[in-house]
Amino acid sequence: MRILGIETSCDETSVALVVDGRQVTKELTASSQEQHFKTLGIVPEVAARAQVEYIIPLLDELVGKEGLEFDAIAVTYGPGLIGSLLVGVETAKTLAWSWNKPLFRVNHLLAHFYASFLGKKVSKVPGFPCLFLLVSGGHTDLVVFFDHGRYQYLGGTRDDAAGEAFDKAARLLGLGYPGGPVISQRAEQFSGNLFSTPLPRPLINSKDYDFSFSGLKTALFQKVHEFDTLSPTFVSSLAWEFQNAVIDCLLAKSNEALREFNIKSFVVGGGVSANHLLREKCAESAAKLGVDLFLPEFKYCGDNAAMVSSTAYYIRDLVNPLDLQVEVGLSL
Ligand code: KG4
Ligand code: ZN
């Protein structure tokens, strides 16, 4: 089954054709990230305007001169930035109506789960029960999947998401945007603690599956303001400690869940799953507990349309495609 996917939930505009949920025939992504450098974060209006410009040329290129054969269309309907989502949803509805194809609406968070099913290097798919750690710019959640479409939410962040914490920490350290890649890069330049007290690991011993990163950010803020100037080595040391603190919290709760639910596979997804230290620590945990680990290929860690097509493939028998004759508006 060939599914054309569209993803426009944040600052990426992405289109893809995926066969049988796994083989990516073609995927094209444009990002407005550079337009957000000077504001140190995404301005929704700027992101949506860029998506209006990108979406048709990307689809044109995907379809190509020879045309495109496909069976269905899948589109992210949320969560995300409302203006951005509307660009993708309205485009998908128009295409589904004019080409007379079924249209599946896909949840963006679920799509990050299916990112680990994609790519040539993936020789098998996760078995159930499966623990999903979602770590993105907007979400941090732990979910157990018992099957496709059958899952239990264990817990999540009570305030900032992991990616958001990285972004805010980078801003405090004067490292620009986005924070995740630059924090991990700086942490690799100086691995060690140059200050007397470590940063806190919030909720690490709480008897639940929740996370909290806003206090950690405040602790970093206080550390930064103890000094008039920060040497580059000291900034790297703070980046190293901050990254360790976030990852310690993520792993403590994940390890707990891996044990409690007798998990067979551990899937990690979202932008922060590109973090090298997180990937290493997840591999250590999985090896220790005898669990299969599934990490997305780097190109599928962030937002992309291939994961949207893949999701629609795996849930197509569990949901009805939209009836465009009836559903005039697609509720977001
Ligand atoms: O999944 P994503 O592309 O967008 C959302 O759906 O939110 O995630 C973006 C987030 C940003 O906060 C970014 O700083 C973070 O992923 N990120 C990283 C790394 N690369 C991207 N965080 C930590 N380490 C990285 N290497
Ligand atoms: Zn995302």
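Whatever order the structure lists ligands and atoms in, that order sets their numbers, starting from 1. Remember, predicted model here, so these are calculated numbers, not experimental data.
Of the charged side-chain nitrogens involved, none lies within less than 4.0 Å of a carboxylate oxygen, so that D71 and R316 do not count as a salt-bridged pair.
Each protein N/O/S atom under 2.8 Å from the Zn ion (ligand 2) was counted, for a total of 3.
For atom 23 (C) of ligand 1, the nearest non-hydrogen atom of the protein is G180 CA, 3.4 Å. Counting protein heavy atoms only, atom 13 (C) of ligand 1 is closest to D167 OD1, 3.8 Å. Nearest protein neighbour of atom 1 (O) of ligand 1, counting heavy atoms only, is G271 N, 2.9 Å. Nearest non-hydrogen protein atom to atom 24 (N) of ligand 1 is N275 ND2, 3.1 Å. Nearest non-hydrogen protein atom to atom 7 (O) of ligand 1 is G137 N, 2.8 Å.
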**Message:** Pair S309, L4 - check side-chain contact (heavy atoms from CB on, under 4.5 Å), show working.
**Reply:** CA-CA 6 Å; S309 304; L4 188 162; 5.9 Å; no
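Classification of the F117-Y114 ring pair by plane angle, with boundaries at 30° and 60°, yields tilted.
Proximity of the aromatic rings of H276 and F298 is defined here by a centroid distance below 6.0 angstrom, and this criterion is met.
The proximity of H108 to ligand 1, defined as any non-hydrogen pair under 4.0 Å, is limited to the side chain.
The only member of I183, L220, L172 that meets side-chain contact (heavy atoms from CB on, under 4.5 Å) when paired with L238 is L220.
Residue contacts with ligand 1: H112 is included, with a non-hydrogen atom under 4.0 Å away.
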